[in-house]
Amino acid sequence: MCETQAFFPGTGICKELEDHALLLWLTQEGAESLNRSFHVLEYCRVSSMASAPTSKYNSHSLENESIKRTSRDGVNRDLSEAVPRLPGETRITDKEVIYICPFNGPIKGRVYITNYRLYLRSLETDSALILDVPLGVISRIEKMGGATSRGENSYGLDITCKDMRNLRFALKQEGHSRRDMFEILTRYAFPLAHSLPIFAFLNEEKFNVDGWTVYNPVEEYRRQGLPNHHWRITFINKCYELCDTYPALLVVPYRASDDDLRRVATFRSRNRIPVLSWIHPENKTVIVRCSQPLVGMSGKRNKDDEKYLDVIRETNRQISKLTIYDARPNVNAVANKATGGGYESDDAYHNAELFFLDIHNIHVMRESLKKVKDIVYPNVEESHWLSSLESTHWLEHIKLVLTGAIQVADKVSSGKSSVLVHCSDGWDRTAQLTSLAMLMLDSFYRSIEGFEILVQKEWISFGHKFASRIGHGDKNHADADRSPIFLQFIDCVWQMSKQFPTAFEFNERFLITILDHLYSCRFGTFLYNCESAREKQKVTERTISLWSLINSNKDKFKNPFYTKEINRVLYPVASMRHLELWVNYYIRWNPRIKQQPNPVEQRYVELLALRDEYIQRLEELQLASSAKLSDPSTSPSGPSQMMPHVHTHF
Amino acid sequence: MEPEKCGGGVGARVSTSPPRRRSQTWGSLDQSLSRGLGCWSPGVVSLAVTWPRDASQETPLSSEYDFVLVNIGRLEAVSGLSRVQLLRPGSPLKFTPEEILIHGRDFRLLRVAFEAGGLEPQAFQVTMAIVRARAQSSQAQQYAGISLSKAGQSSGPRKPPIPLLETSEDWETERKKQGAGSWRVSPVNERFDVATSLPRYFWVPKRTLDSEVRRAFGHFHQGRGPRLSWHHPGGSDLLRCGGFYTASDPNKEDIRAVESMLQAGHSDVVLVDTVDELPSLTDVQLAHLKLRALCLPDSSAAEEKWLSALEGTRWLDYVRSCLRKASDISVLVTSRVRSVVLQERGDRDFNGLLSSLVQLLSAPEARTLLGFQSLVQREWVAAGHPFLTRLGVTGASEEAPVFLLFLDCVWQLLQQFPAEFEFSEFFLLALHDSARVPDTLTFLRDTPWERGKQSGQFNSYTQIYTAGYSQLPAGNSVNPQLSVWDWDLRYSSEQILQFHNPGYDPEHCPDSWLPRQQPNFMVSGPPSSVWLFSRGALTPLNQLCPWRDSPSLLAVSSRWLPRPAISSESLADQEWGLPSHWGACPLPPGLLLPGYLGPQIRLWRRCYLRGRPEVQKGLSAPTISGLQDELSHLQELLRKWTPRISPEDHSEKRDPNTIVSQSR
């Protein structure tokens, strides 16, 4: 503990610090043994004070220990041995390169490429830099410079990553030395283009928990009290015939027959009919999701659809109108009529009220995140940071999504009105809104497993197009289908967890881990666009679930401040004054911005452990004493009286 | 409780107390009353204008709903949805208000509703009473302050929670604590005849005679010559002084005295141009006004323009430049044994800010609750920061909340180094709010002289201040013994408990890091190098003083001009300029070097956004105390059970008691 000196980077004064940030979180979760020396000399230079650093500081005790361990045990320094490997991961090649670190300048190192990752170890004695990048995060590989280009380190590769960073490697100009590396990287980073399997299908890791069993739709609906008198579970989509992007199992109004459903499907974009996402345990109002109605330019109507919505409205015997939230801006909804879509008009749907939530489409979000990357990597502004941040509009989009979800939750909870949510196809903004509203309404989803179920249900099973939005193994980096919709959702969750620090069982690391494996392709969880595709590929049989990794080591992802509360609706403040950029995610590669771990959290964890120890000892003592309790007068009070008291606080 | 009492005198306070009967209408307004101390007291609001204070109250001042009249930034009367009148003295109230909004200059907002059937009939009267009282209070140049009935009643002298530095003993104790062996306490200003803005005692080099001090100080702006602020355990000294009084015509001996005081026995002297790269007083004031306007609940700033509007106030920019400069100076102080002299013309604003920040960055001691309060007492209160003027209490034009800027800087450090500070954000908030509370003289005077005058310390010049002097007549005068640091008079014990940062880890900064004192660093000759620190760089100086005929040691030319920064041959071998300097000297590990990139300098939301209606609930993580109580309870149970089962089990390797008490 004593060595743990707090040093904050970014002072314009030379110093060395450990580059925790350059490390992928992956290494830490996988096997602890991967956790080696992550020591980087950080030379911060500020124009007025160029510096030649010699001073050296310790940083986190955890990593220091691992450094010591390595050297003390005299661990074989053979570099090829030091490269971490997952079961099923095979080595392809290695090469000496110069890593052009935007924070530390050029660092000579050796890069190892496997079918899963790119791993770089510094060859310089004063730097222990390590890069550990799953190939899945690579979005684009470019050659920089030509065989004849001049200047130091001008020839090499420039790699754009999906996780807010770029990597540049300089190679020797002689003999086309980069060609190999370029081809190998391209091949394994974009396996789909080369008819190679995604790594998740090769991964042979073993976990003591099977994450695929976490989500069972029947169980989840049963938890919600379904089926009931008004809602039934239907297997009409068992073979994905009604709607190929929906899950096999759907919850629909009891009064709607399968034939009704088929007729409604014809009037909804991609047959994504209104189905139940969540039901309020008390007032029985529901959140229903779907895609836009196929109104078109001519203003088509469909009696079955209109009737179906009215049936939904009546399930909880509400007198008021059914509330429809169209996630899009009004203009976009109108524009969609041109391509056959549209929205529910007042004329056709007398018993419904429609509101637009003004959330922009996937293209706007993609461009916004691009701008965020521009301002956070590699350089971060000082004086004009806030206006730069504002110009990305990222927080504004976050705000709109949260505001929309709050409206949905509020309508259901205090407005006692059922709600129907859709956007265009009902797999991007709709998923954001329903899942966030459910998170606000239902404390179950704020637990670790509950959140996994929420993601599994609202996102994965209902066909958020992960493959298209992320582009797993696909080389087409400019694909217009790519968009950080899921990231935006996780950001919203983070904003909520910031505002309600005791409400969530999981911590920030949990969220970051999810995002890392959104890209890594190590697990099958986020692969493919919909359940039918996943079933066809036998994903659950042939790959491992991300939840296996998380649930087999839950302690790491727990928020110590979590206090379980039932039935508390959370309404975050969706105001620009209270939203923040998620620095620990978006700017985590910058070693100058490194947030100190919250000491209160650490202390709390210690105290919690102490409490458990006490309780255990007390139980043992009480047990032992009651066993030889022949003389009742020696005991201050019976254990049975004692124990409930002990547990009351938590 | 009668409204008309409100106009009874300066220093009257408006306070509201939770109602016996809660009106439904105000449920949504409850939040605006939070002062953010984590305790959420719903219940607004029947108005009670009390003056003098009801003596039965447990703490004489500062409940959640206390609002000092001087703290009132703006008063509005509201009736219905649309009728709003800005209340000014002399302008008659045009309607009977349903509600008055009191906008605090400390970012709080108090909404006072006149319940139907309750105070409604008196609404008009009460409102006008507040307006009148406020007008009177702003006319008064000097506050008499409020008597603290509780303190007045208590028998016997009350020991100040921290040394108030009004006696030479206090100074001597502090000097020894810092290990400033080559310094002594000088009583030269005991009668405030060297400078009224200086404390009666301060530290000067041991070898400097009082006559020399007097001689030297005359050549500084307003007589504020160089004094020791802080002695770094590694040997460096941090000094502060006013600007050279260039119009004076010092003789050789005067100059020698000045120079030796600046040199303080070191061979390496750095003069720091304090105000360089820092905002001006006007800048600070303007930024604070803009920030306040922006944080008002009805701020016209559009939601989507909030970030750039916040940037536009420049407040965060100023915070950044203060932190940057302070961290540069800390490096100067810690990297090498030398004398570092902060020089600001008036020596009463940014010198105090920088000196305090440097100590916070370099000295773990200053980050404790006691240490920090002593620091503020020494570098701000005793050093003569003109609180009254700067906080705008006098209505003078030189308002500039430099002290609040300082508190914001400290908050930033707290955010960046959450384990390094013993005090919490709530403590800073309490201090922030105390700046305008007229209970004690701490922030109510511009100079130590005025403060002393009020407390009657020097009826005659020969009277010696005694700690037992507390027999002041009760009534409308301030008890001089009381300072802002007497928190228990104004805050409940639960609130005071929250002043402690549960994340503080004292082991984090062991004393062992301190470099050993260099034994014989005092030099008798002239300094071998003299530098000016300006614009983030060191420039060699020819001489320390600006006056002609200086017999200066390094004087090659008689002009006082920094030498061009481009190296001259003679200096090439010497270490000069920061880079090589700093590279060569490892910085001590106790030093905090704050980051000041955009995302690292943040808005102190809990302070500035308090007045906004959407204040969040559930924002603060649970305090550790709940868990600690449970642990104590468990320990108790264990103790009851353990002996009869296995007595030897009692000797645990780690004593649970220490773990629990540590985190208290």
Side-chain angles (χ1 to χ4, degrees), chain A residues 1-2 4-11 13-14 48-55 57 380-387 389-390 396 499-502 561 563 573 575-578 581 583 587 592-593 596 598-600 603-604 607 610-611 614-615 617-618 621-622 624-625 634 636 642 646 649, chain B residues 303-304 306-308 310-311 317 320 327 331 416-420 502-503 505 507-508 510 535-537 578-580 582-584 586-587 589 592-600 605 609 612 614 616 618-619 621-622 624 626-628 630-631 634-635 637-638 640-642 644-645 656 659 663:
Chain A
M1 273 308 256
C2 307
T4 318
Q5 273 310 328
F7 272 95
F8 226 72
T11 52
I13 291 155
C14 62
S48 62
M49 320 172 176
S51 52
T54 53
S55 57
Y57 297 120
V380 182
E381 286 248 22
E382 285 188 10
S383 293
H384 298 294
W385 163 251
L386 291 174
S387 47
L389 181 60
E390 184 176 282
E396 224 178 294
Q499 296 193 14
F500 301 97
T502 64
F561 300 126
T563 29
V573 179
S575 148
M576 292 301 283
R577 287 165 170 79
H578 292 280
L581 187 78
V583 170
I587 323 188
R592 290 179 70 186
I593 299 196
Q596 286 208 341
N598 180 357
V600 183
R603 179 63 49 83
Y604 212 84
L607 291 182
L610 195 62
R611 184 192 63 148
Y614 282 179
I615 289 178
R617 269 169 58 191
L618 198 59
L621 289 173
Q622 288 170 344
S625 94
T634 53
M642 207 63 94
V646 168
H649 289 78
Chain B
E303 174 80 5
E304 65 278 6
W306 158 258
L307 291 173
S308 51
L310 181 59
E311 181 179 299
D317 249 353
R320 176 180 293 115
S327 93
V331 173
Q416 295 195 12
F417 307 99
E420 308 288 340
D505 184 0
E507 283 172 35
H508 214 235
R535 312 224 155 256
L578 284 180
S580 57
W582 292 356
L587 303 173
L592 307 181
L593 294 175
Y596 25 67
L597 289 179
Q600 291 172 308
R605 288 198 175 84
L609 295 181
R612 295 191 56 83
E614 80 278 352
Q616 300 141 64
L619 236 186
I624 274 180
L627 189 51
Q628 279 166 342
E630 192 187 356
L631 283 176
L634 283 168
Q635 278 176 3
L637 286 179
L638 273 175
K640 273 186 196 161
W641 284 85
T642 308
R644 72 194 78 239
I645 308 297
I659 295 176
S663 17

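Everything numeric in this text was worked out from a predicted model, so none of it was measured. In the text below, chain A, chain B and the rest are named by the order of the sequence lines, each starting its count at 1.
With contacts defined as side-chain heavy-atom distances shorter than 4.5 Å, the pair A:Ile587/B:Pro599 qualifies. Looking only at side-chain heavy atoms (C-beta outward), A:Val380 and B:Gln600 stay at 4.5 Å or farther from each other.
Residue A:Glu396 touches chain B through its side chain alone, counting heavy-atom pairs closer than 4.5 Å.
In this structure A:Glu382 satisfies the side chain to side chain contact (heavy atoms under 4.5 Å, CB included) test together with B:Arg320, B:Arg324, B:Tyr596, B:Leu597, sequence neighbours excluded. Residues forming a salt bridge (Lys or Arg N to Asp or Glu O under 4.0 Å) with B:Glu311 (at least two apart in sequence, or on another chain): none.
Nearest heavy-atom pair across B:Gly503 and A:Pro599 is O-CB, 3.2 Å. B:Gln635 approaches A:Tyr614 most closely through the heavy-atom pair NE2-OH, 3.0 Å.
Formation of a donor-acceptor pair under 3.5 Å by the B:Arg605 side chain with backbone atoms of A:Arg577 is found in this model.
Summarising the geometry, atom CZ belonging to A:Arg603 is positioned 5.5 Å from atom CG belonging to B:Asp505; distances are rounded to the nearest 0.5 Å. Separation of atoms CD1 (A:Ile593) and CD (B:Gln416) is listed at 9.5 Å; rounding is to 0.5 Å. Residue B:Leu634 holds its CG atom at 8.0 Å from CZ of A:Arg611, rounded to the nearest 0.5 Å.
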